[in-house]
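First up is the structure itself, then whatever we jot down about it.
Since the model is a prediction, treat every value here as computed from it, not as a measurement.
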Amino acid sequence: MRRRAALAGLLLLTGCASGPSLETQGEVTEPPGDSQHLTIGSAGFTESDLLATMYALLLNEAGYKTSMLTVANRELYEPALESGQIDVVAEYAATFADWLNAKTNGADAPAVGSPDLKATMTALRKLATPRGLTVLDPGRAVDQNAFAVTGDYARQHDLKTLSDLGRSGLEVRLAAGDECVQRPYCEPGLRKTYGIDVTGVDPKGVGTTQAKRAVQNGQDQMVLTTTTDATLDEFGLVLLADDKHLQNADYIVPVVNRSRAGSKGVTGALDRLNDVLTTSDLASMNQQVDSWRRLPEDVGRTYLEDKGLLK
C-alpha cells in the first residue's frame with residue numbers, strides 16, 4: 001500500500017518541478033542540497049534495481065537515510081527527479097542525453113549522444129543543469145548495444161572483433177529488433193563502419209531468448225544484445241568487440257536532484273562505486289539475479305562488501 005500511495009502521489013506531482021526554470025538556460029540558482037533522507041529511484045529492471053540498491057547501501061554507510069521507489073517509465077521518473085520526489089537515479093549517459101534533448105528541443109532534434117564519452121557528457125550536463133539536475137562523473141561500467149555470435153562460430157572463423165567479421169567476408173543474418181534495419185548503430189552501421197555483409201534482419205527482438213536461440217541453432221549468425229547481458233554463456237554465445245566504437249557511450253552515471261542531493265557527501269558516496277564497478281561486474285550481478293534467482297539486495301550487498309565499500 002505504501003508504494004502504491006507513493007506512486008499515486010508521483011503521478012499527481014511530477015509536473016511541479018522545483019529545479020531552475022528553463023529560462024535560466026543553465027544557471028545554477030541554488031547551492032547543492034544535502035537532505036538527510038533520500039529517495040533512490042529504480043526503473044524496475046534487474047540492472048536498475050541492483051544499481052539503486054547499491055546506491056542506497058552506500059548512502060546509508062555515509063550516514064543518510066534512504067528509501068527506494070520503482071517507476072518503470074522514464075516519462076514519469078525524470079520529472080519526479082526534477083521535482084525532488086526522487087533524489088538519485090542511475091542513468092545511461094548517451095540515452096539520457098538524447099532523451100533530455102528530445103524533451104527540450106523536440107523529437108526531431110539531432111541526437112547529442114555519441115560514441116564520444118566526453119562530448120556526450122558535455123551535452124548531457126548542458127541539458128540537465130537547467131532542470132536542477134546534476135550528472136555525476138561516469139564510472140567504468142557501460143551498458144550499450146553489443147553483438148554476439150556462438151563461441152564455435154568465433155573460433156572457426158578466428159573472430160574477436162566486429163572488424164574481424166567484416167574482413168572475413170562472411171554473410172551474416174542478424175537476430176535483432178525490427179528497427180535494426182534503420183538504426184545507425186545496427187544494420188546500416190555494421191555495413192558502413194565494419195563492412196559486414198548483413199543479408200537480413202530476423203525480427204526477434206534485442207537480446208531475447210528467441211533471438212539467442214536462433215543464433216545458437218544456426219538459423220541466424222549474430223544477435224543484437226547488450227554488454228551486460230547475463231545469459232550469453234547459457235546459449236554458448238560470445239561478444240565481438242566494437243573496436244571502431246560504433247555504439248554510443250552509454251556509461252552508467254548517477255543523476256541527482258541538485259537542491260536535495262547535490263552535496264559532496266552524496267557525490268563522494270556514489271563515486272566510491274564508480275571507482276570499482278566494471279561492465280563485467282555488472283553482467284555477473286545481473287546473472288546472479290536473473291539466472292540464479294538471488295535477490296538484488298543480497299547480490300549488491302555482497303559485491304560492496306567484497307570490494308571493501310561496506311563495513
Side-chain angles (χ1 to χ4, degrees), residues 10 14 17 19-20 22 25-26 28 38-52 54-55 68-146 179 183-185 206 226-228 245-262 266-267 270-271 273-274 277 279 282:
L10 182 65
T14 48
L22 291 183
Q25 288 300 312
V28 176
L38 300 172
T39 299
I40 317 301
S42 170
F45 56 94
T46 296
E47 187 168 289
S48 187
D49 287 343
L50 280 164
L51 290 165
M54 290 190 288
Y55 286 0
M68 290 179 57
L69 181 64
T70 298
V71 186
N73 190 319
R74 186 179 277 116
E75 284 76 8
L76 289 176
Y77 75 68
E78 188 279 330
L81 186 60
E82 289 186 34
S83 71
Q85 292 173 278
I86 292 175
D87 301 305
V88 183
V89 72
E91 264 292 358
Y92 301 88
T95 295
F96 196 45
D98 283 336
W99 193 89
L100 286 180
N101 186 44
K103 181 176 179 178
T104 302
N105 299 313
D108 295 330
V112 295
S114 75
D116 185 327
L117 177 59
K118 183 177 179 180
T120 296
M121 288 297 297
T122 297
L124 174 55
R125 284 171 167 153
K126 184 177 180 180
L127 289 160
T129 298
R131 297 183 176 277
L133 306 180
T134 297
V135 182
L136 306 189
D137 290 339
R140 300 158 63 190
V142 58
D143 185 354
Q144 60 193 169
N145 294 305
E179 72 278 2
R183 296 288 173 86
Y185 66 79
V206 179
T226 66
T227 51
T228 59
H245 307 292
L246 173 63
Q247 303 305 320
N248 280 347
D250 261 330
Y251 284 76
I252 293 166
V253 290
V255 182
V256 303
N257 177 288
R258 176 182 170 83
S259 66
R260 287 183 49 81
V266 172
T267 301
L270 299 180
D271 280 347
L273 178 61
N274 275 352
L277 183 66
T279 303
L282 198 49

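- The CD1 atom of Ile40 sits 11.5 Å away from the OG1 atom of Thr70 when rounded to the nearest 0.5 Å.
- Checked by atom type and distance alone, the side chain of Ser114 never pairs as donor or acceptor with a backbone atom of Thr120 at under 3.5 Å.
- A heavy-atom distance below 4.5 Å is found between the side chains of Pro254 and Asn274.
- Among all heavy-atom pairs drawn from Asp250 and Ala94, the shortest one is OD1-N, 3.1 Å.
- Heavy-atom minimum distance, Ala52 versus Ser42: CB-CB, 4.0 Å.
- Listed for the Arg125 side chain is a donor-acceptor partner under 3.5 Å among the backbone atoms of Val135.
- Judged by distance alone, with hydrogens and angles left aside, the side-chain atoms of Ser83 form a donor-acceptor pair with the main-chain N or O of Ala80 at under 3.5 Å.
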Inset, instruction - Please assess Met68 against Tyr55 for the test side chain to side chain contact (heavy atoms under 4.5 Å, CB included), listing each intermediate value before the final yes or no. - result: CA-CA 10 Å; Met68 290 179 57; Tyr55 286 0; over 6 Å; no
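- For the salt bridge (charged side-chain N to carboxylate O under 4.0 Å, His left out) condition, the pairs that include at least one residue of residues 86-101, sequence neighbours left out, are Arg74-Glu91, Asp87-Arg260.
- Looking at residues two or more places apart in sequence or on another chain, you find no side-chain hydrogen bond (donor to acceptor under 3.5 Å, both in side chains) involving Asn248.
- The shortest distance between side-chain heavy atoms of Leu100 and Val112 does not fall below 4.5 Å.
- Once rounded to the nearest 0.5 Å, the distance linking CG of Asn145 with CG of Leu246 reads 9.0 Å.
- At most 12 non-hydrogen atoms from other residues, nucleotides or ligands lie less than 6.0 angstrom from OH of Tyr251.
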Inset, instruction - Would you check, one step at a time, whether the test side chain to side chain contact (heavy atoms under 4.5 Å, CB included) holds for Ile86 with Asn257? - result: CA-CA 8 Å; Ile86 292 175; Asn257 177 288; over 6 Å; no
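- To the nearest 0.5 Å, atoms CH2 (Trp99) and CD (Glu75) are separated by 5.5 Å.
- Side-chain contact between Ile252 and Glu47: present, with at least one pair of heavy atoms (C-beta onward) separated by less than 4.5 Å.
- The two residues Leu124 and Ala93 have their closest heavy-atom pair at CD2-O, 3.8 Å.
- Every side-chain contact (heavy atoms from CB on, under 4.5 Å) that Thr227 has, sequence neighbours left out, goes to Asp143, Gln144, Ala146, Thr279.
- Within the 4.5 Å cutoff, the side chain of Phe96 has no heavy atoms near those of the Val253 side chain.
- Side-chain contact between Leu117 and Val142 is absent, with no heavy atoms from C-beta onward closer than 4.5 Å.
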Inset, instruction - Test Gln247 against Thr226 for side chain to side chain contact (heavy atoms under 4.5 Å, CB included), laying out the working first. - result: CA-CA 10 Å; Gln247 303 305 320; Thr226 66; over 6 Å; no
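- No side-chain donor-acceptor contact under 3.5 Å links Asp137 to the backbone of Asp271.
- The side-chain heavy atoms of Leu81 and Arg131, taken from C-beta on, include no pair separated by under 4.5 Å.
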Legend entry - Derivation and outcome, side chain to side chain contact (heavy atoms under 4.5 Å, CB included), residues Leu133 and Glu78: CA-CA 10 Å; Leu133 306 180; Glu78 188 279 330; 3.7 Å; yes
